[in-house]
Amino acid sequence: MMSMNSKQPHFAMHPTLPEHKYPSLHSSSEAIRRACLPTPPLQSNLFASLDETLLARAEALAAVDIAVSQGKSHPFKPDATYHTMNSVPCTSTSTYVYKRQHIFRAFAERFKQRRIKLGVTQADVGSALANLKIPGVGSLSQSTICRFESLTLSHNNMIALKPILQAWLEEAEGAQREKMNKPELFNGGEKKRKRTSIAAPEKRSLEAYFAVQPRPSSEKIAAIAEKLDLKKNVVRVWFCNQRQKQKRMKFSATY
DNA sequence: ATGCATGAGTA
DNA sequence: ACTCATGCATA
């Protein structure tokens with residue numbers, strides 16, 4: 001039996017991304033389905049030739065990027081059908097990633113322009129998302145919307161959020177065009193922790209340690225914490241965050 | 001816009 | 001104990 005699971009006919013382009021982590025990409029919501037389909041032409045001529053087919057193919061290979069970002073070897077074969085913006089055949093993984101980076105940049109820029117045109121803040125967008133009633137999609141913070149627009153999220157995160165934000169954008173523009181009263185698409189909700197601040201000298205020391213050993217052992221962390229007179233947990237978290245940051249910068253700093 | 005933090009999922 | 005997505009507080 002069940003030689004084939006006859007579940008929902010999926011349009012999901014992201015079989016490599018686990019559903020529990022990216023529910024929206026596996027959602028059967030109409031809004032998301034629409035958002036995953038072809039997009040209106042890009043405003044910037046620079047990106048005019050980048051169509052959604054390429055985006056879909058690029059996104060489908062997210063696993064490659066993950067492997068690359070982790071410094072692992074990967075199965076990606078340079079493919080002549082991928083072209084850079086200068087019509088140069090894609091000959092390497094880095095060229096390919098370069099292209100994909102630009103596709104996201106094009107979308108993020110356009111998203112920001114249109115959001116501002118609607119007169120909506122990043123925080124508003126974040127809280128309005130919950131009102132889209134897309135299964136598995138709740139509200140997001142101003143931070144996350146800001147990071148999306150500035151491309152400072154991980155690749156997987158960009159892939160997951162793009163259809164959601166696109167769905168919101170289309171809803172909001174549609175509502176405005178038809179002068180519909182849908183305040184819930186333009187307004188935010190409400191929102192409290194004490195923030196530790198590491199002084200500059202200590203931070204320099206941490207960076208120096210990080211350069212030598214980005215993954216210090218628990219013992220090493222304890223030693224560093226004592227030397228800098230910081231709590232051990234603060235040091236541990238600092239290293240975690242630093243590793244996350246490095247991973248993102250590896251991509252955005254290369255291009 | 002970004003630093004430090006939390007929590008879920010993994011290994 | 002780590003990674004990853006995400007958020008509060010703050011510069």
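Throughout, protein chains are lettered first and strands after them, A, B, ... in sequence-line order, and every chain is numbered starting at 1.
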Checklist line | Set of side-chain hydrogen bond (donor to acceptor under 3.5 Å, both in side chains) partners for Thr121(A), sequence neighbours left out | finding: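 Asp124(A).
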Notebook entry, point to check: Which residues satisfy the side-chain hydrogen bond (donor to acceptor under 3.5 Å, both in side chains) test with Glu202(A), sequence neighbours excluded?
Noted result: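 Checked Glu202(A) against side-chain hydrogen bond (donor to acceptor under 3.5 Å, both in side chains); zero matches.
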Length of the [atom1]-[atom2] vector between [X] and [N], whole Å:
{"X": "Phe148(A)", "N": "dG7(C)", "atom1": "CZ", "atom2": "P", "answer": "14 Å"}
{"X": "Ile145(A)", "N": "dC8(C)", "atom1": "CD1", "atom2": "C1'", "answer": "15 Å"}
{"X": "Phe239(A)", "N": "dG3(B)", "atom1": "CZ", "atom2": "C1'", "answer": "16 Å"}
{"X": "Arg248(A)", "N": "dA5(C)", "atom1": "CZ", "atom2": "P", "answer": "10 Å"}
{"X": "Gln142(A)", "N": "dG3(B)", "atom1": "CD", "atom2": "P", "answer": "14 Å"}
{"X": "Met158(A)", "N": "dC4(C)", "atom1": "CE", "atom2": "P", "answer": "17 Å"}

Margin query: Please give the remaining members of the hydrophobic cluster of Phe239(A), linking ILVMFWY side chains under 4.5 Å, ordered by chain and number.
Written below: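 The other cluster members (ILVMFWY side chains, heavy atoms under 4.5 Å, direct or chained) are Ile198(A), Leu206(A), Tyr209(A), Phe210(A), Ile221(A), Ile224(A), Leu228(A), Leu230(A), Val234(A), Val235(A), Trp238(A).
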Item checked: Footprint string (nucleotides 5-11 of chain B, 5' to 3'): B base within contact, S backbone only, - free, heavy atoms under 4.0 Å -> B---SS-
Next item on the list: Report yes or no: do Gln166(A) and Glu170(A) form a side-chain donor-acceptor pair below 3.5 Å?
Entry: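 Result is yes, a qualifying pair exists.
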N or O in side chain of [X] less than 4.0 angstrom from [N] OP1/OP2:
{"X": "Lys247(A)", "N": "dC4(C)", "answer": "yes"}
{"X": "Thr144(A)", "N": "dG7(C)", "answer": "yes"}
{"X": "Lys245(A)", "N": "dC4(B)", "answer": "no"}

Item checked: Partner residues of Arg147(A) under the salt bridge (charged side-chain N to carboxylate O under 4.0 Å, His left out) criterion, sequence neighbours left out ->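 Salt bridge (charged side-chain N to carboxylate O under 4.0 Å, His left out) list for Arg147(A), sorted by chain: empty.
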Next item on the list: Mind running a 4.0 Å heavy-atom check of residues 202-232 of chain A against DNA chain B and sending the residues that fall below it, in number order?
Entry: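 Here the set is Lys203(A).
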